[in-house]
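Worth saying up front: this structure is predicted, and the values here are computed from it rather than measured. Every chain is numbered from 1, with letters handed out A, B, ... down the list of sequences.
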2 protein chains.
Amino acid sequence: MKILLVEDDQLLANALSIALTRESYLITHVTTAKEAINQIKYTEYQSMILDLGLPDMDGIDVLKRIRKQKIDLPILILTARDSIEDKIKGLDLGADDYLSKPFEVPELLARLRVIERRLGTANSALITIKNVTFDTRANVVTVDTHPLVLSKKEYLVLKALVENAGRIQSREQLEAKLYEWQDDIASNTVEVHIHHLRKKLPANFIKNIRGIGYSIDKA
Amino acid sequence: MKILLVEDDQLLANALSIALTRESYLITHVTTAKEAINQIKYTEYQSMILDLGLPDMDGIDVLKRIRKQKIDLPILILTARDSIEDKIKGLDLGADDYLSKPFEVPELLARLRVIERRLGTANSALITIKNVTFDTRANVVTVDTHPLVLSKKEYLVLKALVENAGRIQSREQLEAKLYEWQDDIASNTVEVHIHHLRKKLPANFIKNIRGIGYSIDKA
DNA sequence: AACAAATTTAAGCTAATTTTAAGTTACATT
DNA sequence: AATGTAACTTAAAATTAGCTTAAATTTGTT
């Protein structure tokens, strides 16, 4: 899951970036509203963590602007403003969740998982398909209780497929989930990762639908 | 929106019922886990407000049970347990939000509105015609629950027809949807694709209107 | 800095799809 | 019923997507 972190407090932002990266989220960090608005034009994020106290513009206005454009991006507000009025305003203007500072990182992570779960329609922390178990919490994949050793990219590809089990993910969609910006991937990386994954997974686990994409059967 | 309020504290439950009814939610109030589980069997609620400290069973187990049955009911936990561990547990077990007591009613209302808003925008595009189901989101076509294997162009032709069921699509219109730019298709590709599609679909599913084009009956 | 691991690039290969084209059948109008 | 046209069928040729492999490059670690 790609997350756009909009936070001008460098210290907090760094701590969060590290914590979130450890959970294998892809973090892009910006410090101003302007950058945030610009960023979502170019990259498709699955979630935004938005601080309200930004130097150039009120975070609430960023929220307004995004919703006005009917961009359906889950937004979690993270702010020092903890008055009930502020919370209500934030939530009613289209935020999906509201956490006031000081907050505990594990709670933020849990609330992000709620967002993530909702995006992937039907995935909890533990997803089991055939004899493969995918623990999005611990970032561990097991086949018949044997843990799989996956590289980061392999993990991300598999995760995207598992979270969308039953649906087809195009190569472009998978690429988008692998790279921060639409990097100039003029190559067949995804295919290579799929190839490596298949060596580690049961036969026919990852299916290809020619011309359309890859998928994993639901259950 | 119909809400099932599961709360054994009569005083709080009454206050909430009044507040929620005033917001024109339809409230059913039960005081035990047993009643709650029973209730959702008979009535379709759009949301559940769940207290964890119930007399007969831990609310967490109610949550577990509901999620185990893959019931996709938004659940907001409302409880005195405000430790981070409890929050994380609740959220990871499938709760959509977590509010610890004491809380302010307006915040609860705002969080309910978030749930309500989300319910309005969570449907995948499913088109069903006779015994053929077309999921434009998942790129999957099923005939009597059997998935169809379609090539990309076949899929696109069928999609164009299904999305315009009841109307006639000329060969030119179909071609336009198969090719980015009016490539010099001086051939009968569309006819060939239709031919292949017909082999995979029920008889007479795709009709031809001589001299005009192809169509699929609506419903 | 050196090493190992991970990732990307590139190229050859195979098999499936798509296009082409030609022959056949069905339709509508006279 | 004959005719011209449209649609259907079939098979081959052309194209392309995906698999595999190996080498090149990048990244991360000691």
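To the nearest angstrom, P of dG23(C) lies 16 Å from CD of E191(B). A straight line from NE2 of H195(B) to P of dT25(C) spans 14 Å, rounded to a whole angstrom. Per the geometry, CZ belonging to R198(B) stands 13 Å off C1' belonging to dT25(C), to the nearest Å. Atom CG in N188(B) sits about 15 Å away from atom C1' in dT25(C), given to the nearest Å. Atom-to-atom, CG of L150(B) to P of dT18(C) comes out at 10 Å; the value is rounded to the nearest Å. A straight line from NE2 of H196(A) to C1' of dA6(C) spans 9 Å, rounded to a whole angstrom. Spacing between atom CD of E175(B) and atom P of dT18(C) amounts to 15 Å, rounded to whole angstrom units. If you take CD1 of I209(B) and P of dA28(C), they are 12 Å apart, rounded to a whole angstrom.
For D56(A), there are no salt bridge (Lys or Arg N to Asp or Glu O under 4.0 Å) partners two or more places apart in sequence or in a different chain.
When distances run from any side-chain atom of R210(A) to the nucleotides dT9(C), dT18(C), dA16(C), the shortest one goes to dA16(C). Which of dT20(C), dA10(C), dT17(C) sits closest to the side chain of S187(A) comes down to dA10(C).
A pairwise comparison of heavy atoms in A110(A) and L91(B) identifies CB-CD1, 3.8 Å as the closest pair.
With DNA chain D read from its 5' end, the first of the two nearest nucleotides for N208(B) and K199(B) is the one closest to N208(B).
Atoms CG and CG, from L63(B) and D96(B) in turn, are 9.0 Å apart once rounded to the nearest 0.5 Å.
Under 4.0 angstrom from either OP1 or OP2 of dT19(C) there lies at least one side-chain N or O belonging to Y179(B). At least one side-chain nitrogen or oxygen of H193(B) sits closer than 4.0 Å to the OP1 or OP2 atom of dT19(C).
Within 6.0 Å of NZ on K200(B) lie more than 12 heavy atoms contributed by other residues, nucleotides or ligands.
Running 5' to 3' along DNA chain D, contacts with non-hydrogen atoms of chain A at under 4.0 Å begin and end at dT16(D) to dT21(D).
Between R111(A) and E107(A) a salt bridge is recorded (basic side-chain N to carboxylate O distance below 4.0 Å).
Screening R65(A), K89(A), R81(A) for a salt bridge (charged side-chain N to carboxylate O under 4.0 Å, His left out) involving D58(A) leaves a single residue, R81(A).
Looking at D51(B) and L78(B), their side chains never come closer than 4.5 Å, going by heavy atoms from C-beta outward.
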